[in-house]
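Quantities reported herein were computed from a predicted structural model and do not represent experimental measurements.
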Amino acid sequence: MIELLNVNKTYTSKSKIQVKALDKVNLQFNSKGLVFILGKSGSGKTSLLNIIGGLDSANSSKIFINGIELKRFDERTCAEYRNSYIGFVFQEYNLMNNLNVYDNIALSLQLQKKPVTEEVILKVLEDVELNGLERRQLDELSGGQKQRVAIARALVKDPVILLADEPTGNLDSETSNQIFELFKKLSKDKCVIVVSHDAEYAHKYADRIIELSDGHVIKDTNSVLIDEPINIPTKCRAKLPFSLIWKMSFGNILNNKLRLLVTCIIVSFLTAVLSTVYTSLYVSNNVTKDLMNLSQQDHLLLVEPVPFQSNTILNPSSDYNINKKLTSDVLVKIREMTLENHAVLYPKTQIMIENDWLRVRDFNLDLSNISLLESNLIPKPNQELLDSIESSYLSFISADDSSALLDHLVGNPPSNRFEVVISNYLAELLLKYQFTNLDSIEELVNEDIWITFKNQIKLKLVGVVMNETPLLRSDTTILTTSFTNLYVHPTFIRMNTYPSSQISYGVKVSDNTDIVKLIKDYKTIGTFTILPRYTDALNRYTRYELTLIMGLLVPLIGYFMIVFLGNYIASSIFFRKKQIGILRALGCEVNEMNKIFLIEALLIGLFIMFLVLIMVPFMIDILNFAFMVHFFDTYISFYYYSIFHLGFGHFIEVTTLIVLVFTVLIIVLTYHINLLDPVAVISGK
């Protein structure tokens with residue numbers, strides 16, 4: 001016996017008015033028989049049916065089966081109740097359109113985790129007189145046949161109660177009679193409760209008629225109660241078969257290919273933009289390493305932070321103490337770090353004569369002819385570069401025949417304080433502007449050449465250190481690291497009588513030097529500037545000039561991504577809305593519904609990731625080109641080397657970003673599915 005006690009249901013209308021759909025309804029049902037519930041629209045009959053079926057919740061109610069109360073207040077318990085005890089037949093059939101007759105019926109068994117056998121399916125089809133139609137698609141059936149499939153789907157799960165809501169509302173009179181004849185036949189073994197507005201069918205087929213008006217039972221005909229126990233099945237949580245989850249997910253994706261393609265392209269483009277801009281903000285010390293290796297540059301420069309009065313790298317102001325040096329404890333740390341990294345640290349000494357530091361122009365060269373500067377090392381000379389060369393300060397460096405600074409030496413090392421070794425840059429200037437009768441550096445070294453600085457310091461040229469680093473049009477890095485180095489005997493520095501200063505230190509790296517680690521170690525001290533500083537320049541560019549862009553771009557991109565994904569989610573749910581309602585009516589929980597959209601999201605996510613991985617390299621190429629244009633005259637990197645590239649780290653960044661996006665997508669999906677009222681969905685609202 002089935003018993004309902006004190007069923008109350010109140011709705012709140014849009015105008016905030018409380019409307020009572022059911023008021024203190026108490027009913028009992030036998031385990032068998034055909035019961036009709038009649039009443040006008042708004043009488044509460046459908047509300048009562050939905051409460052009995054667990055589709056809707058009452059404000060207060062108790063349901064007993066065989067005297068045992070069914071407590072069903074949460075979503076999981078209600079879903080188990082619908083799956084285990086209730087069989088639904090709706091006016092709109094509510095079949096799964098993407099499944100054939102056989103699979104629609106088998107779905108009920110699958111949700112109950114029961115074995116699906118052809119024998120069981122064919123038996124229930126025979127009971128509803130649909131023999132031989134098991135492989136038919138739904139669009140090949142008539143309305144009456146579809147309703148019989150719905151009845152078969154409800155029967156195959158062997159429910160305690162079979163509920164039918166206006167089951168013949170869309171059928172002609174002949175088909176309606178056939179359906180009610182079938183219900184009459186089924187009611188011999190089941191409790192069949194039919195909601196209808198047609199009293200004629202009720203009086204013709206019903207074993208009992210209950211009439212409702214304004215939420216009250218006003219008439220109950222033939223309410224003879226037989227205390228016969230019902231065979232109660234074990235409650236079971238519904239589980240969607242993976243094949244159906246996959247079919248629904250993939251089917252939804254293919255439902256609107258254009259919307260999918262547009263959404264994926266837009267979201268992947270926005271994701272690629274974010275990934276590319278994010279990449280540009282984090283340029284590592286590897287850039288400096290790569291560029292030094294590429295240009296065969298093997299010198300770093302450590303400069304004390306002194307006040308400058310021009311754009312030249314080394315130009316201390318007149319009130320700067322020219323004897324200031326790095327403190328001894330800092331120098332000890334620097335020397336230790338340099339030694340650990342297989343490099344050589346050396347002081348660079350500037351000398352002052354006639355109240356000015358010695359510069360390249362003090363070689364007494366006439367550098368007015370710019371065209372003569374052009375060479376393999378200076379590919380694009382111009383007046384700006386010429387001015388930089390002329391005004392560059394000369395650095396005197398102690399070196400002897402054992403010094404690692406004199407690698408790649410043409411000639412001999414300085415053997416006394418009157419000899420000097422210069423860089424091949426300075427040697428090229430001498431060949432082109434002073435000793436034009438000589439054809440090579442070897443000839444220059446072999447000549448008895450003395451270099452005079454302001455007629456006060458005279459040094460004999462005995463060797464040339466060969467460098468391979470090209471000079472661009474305004475690249476002061478090379479000028480200050482190796483171009484202007486003069487290698488002299490240690491006694492020259494010790495016996496120098498002119499004012500001098502050591503405000504910078506050079507570092508000669510070797511093949512065994514880890515440049516990235518060396519630069520990081522130096523930066524931990526933080527008391528000087530490290531050149532070359534490609535990384536610092538790029539980071540400064542990106543931080544100062546892209547901060548505003550990022551401040552606007554990230555929220556804007558995020559907003560558009562949410563808009564497009566939200567639009568796709570909304571259309572996806574709308575397309576599957578009917579199926580969601582049907583599955584929930586059959587006993588599926590929201591978590592099972594989420595699996596459908598999870599698979600769909602994963603498939604779309606993989607597709608978007610594929611598009612992103614195609615787009616990002618092109619965008620990074622564009623970024624590299626933009627930087628090349630911005631630093632066109634300054635850095636060798638943009639002629640031969642791409643600063644930004646899609647490595648494994650970038651791939652992880654892109655993947656993480658997409659995972660985050662689709663995590664939000666799943667949360668939104670869950671929220672939207674929870675908002676779907678199965679009663680409203682299956683009734684077409």
Side-chain angles (χ1 to χ4, degrees), residues 295-299 344 346 348-349 351 353 358-379 381 385-386 389-390 392-471 478-496 506 508 510:
S295 63
Q296 301 183 43
Q297 183 175 330
D298 54 4
H299 286 263
V344 177
Y346 57 91
K348 294 164 71 75
T349 302
I351 295 177
I353 298 178
L358 290 180
R359 310 171 190 246
V360 172
R361 62 172 174 245
D362 293 321
F363 268 82
N364 298 318
L365 299 175
D366 180 12
L367 304 182
S368 57
N369 190 344
I370 296 175
S371 62
L372 291 178
L373 283 174
E374 187 168 356
S375 68
N376 291 333
L377 298 177
I378 307 176
L385 179 60
L386 182 65
I389 291 173
E390 284 188 312
S392 294
Y393 294 88
L394 296 172
S395 296
F396 292 84
I397 298 159
S398 294
D400 54 25
D401 55 0
S402 63
S403 176
L405 301 176
L406 300 182
D407 290 344
H408 312 296
L409 176 66
V410 175
N412 301 304
S415 59
N416 58 63
R417 67 189 183 95
F418 301 106
E419 294 181 346
V420 66
V421 172
I422 65 176
S423 69
N424 58 329
Y425 298 105
L426 294 174
E428 290 281 356
L429 293 179
L430 290 175
L431 285 172
K432 291 188 176 183
Y433 290 98
Q434 189 169 350
F435 301 100
T436 56
N437 59 316
L438 302 178
D439 296 326
S440 67
I441 287 177
E442 287 78 7
E443 290 183 22
L444 185 68
V445 170
N446 292 330
E447 289 287 321
D448 189 20
I449 294 175
W450 288 77
I451 301 173
T452 303
F453 302 97
K454 294 189 175 181
N455 297 319
Q456 297 189 44
I457 295 179
K458 188 175 182 180
L459 299 173
K460 182 180 180 181
L461 177 63
V462 295
V464 174
V465 175
M466 303 302 294
N467 297 279
E468 296 297 331
T469 307
L471 251 178
I478 309 302
L479 293 176
T480 53
T481 55
S482 57
F483 187 107
T484 58
N485 285 351
L486 302 178
Y487 302 94
V488 294
H489 195 267
T491 56
F492 173 85
I493 303 295
R494 290 198 300 267
M495 301 181 68
N496 171 52
K508 174 73 161 57
S510 67

Measure the shortest side-chain to side-chain distance between [X] and [Y] over non-hydrogen atoms and say whether it is less than 4.5 angstrom.
X	Y	result
Phe396	Leu459	yes
Thr349	Ile397	no
Asp298	Asn467	yes
Ile449	Leu444	yes
Lys460	Asp448	yes
Ile457	Thr452	no
Val462	Val445	no
Phe453	Leu486	yes

So how far is it from [X] [atom1] to [Y] [atom2], rounded to the nearest 0.5 Å?
X	Y	atom1	atom2	answer
Lys454	Arg361	NZ	CZ	7.5 Å
Phe418	Lys458	CZ	NZ	11.0 Å
Phe363	Ile389	CZ	CD1	12.5 Å
Tyr393	Leu358	OH	CG	10.5 Å
Phe483	Leu394	CZ	CG	9.5 Å
Leu461	Ile451	CG	CD1	5.0 Å

Write down the atom of Ala399, the atom of Pro414, and the distance for their closest heavy-atom approach. O-CG, 3.4 Å
List the atom of Thr491, the atom of Arg494, and the distance in Å for their closest heavy-atom pair.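 Where Thr491 meets Arg494 most closely, the heavy atoms are CG2-NH2, 3.1 Å.
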Checking the side chain of [X] only, and the main-chain atoms of [Y] only, is there a donor and an acceptor separated by less than 3.5 Å?
X	Y	value
Ser395	Lys348	no
Glu428	Asn424	no
Ser440	Glu443	yes
Tyr487	Ser423	no
Asn496	Phe492	no
Asp362	Arg359	yes

Can you give the donor-acceptor pairs under 3.5 Å from side chains of residues 401-413 to other protein atoms, not counting sequence neighbours?
from   : atom 1 : to     : atom 2 : distance (Å)
Ser402 : OG     : Asp400 : OD1    : 2.8
Ser403 : OG     : Leu405 : N      : 3.1

Under the side-chain contact (heavy atoms from CB on, under 4.5 Å) rule, collect the residues that match up with Ile370, sequence neighbours excluded. Pro381, Gln383, Leu386
Which is it for Glu447 and Phe435 under the side-chain contact (heavy atoms from CB on, under 4.5 Å) test, yes or no, and what are the steps along the way? CA-CA 10 Å; Glu447 289 287 321; Phe435 301 100; over 6 Å; no
Worked check of side-chain contact (heavy atoms from CB on, under 4.5 Å) between Asn485 and Val465: CA-CA 9 Å; Asn485 285 351; Val465 175; over 6 Å; no
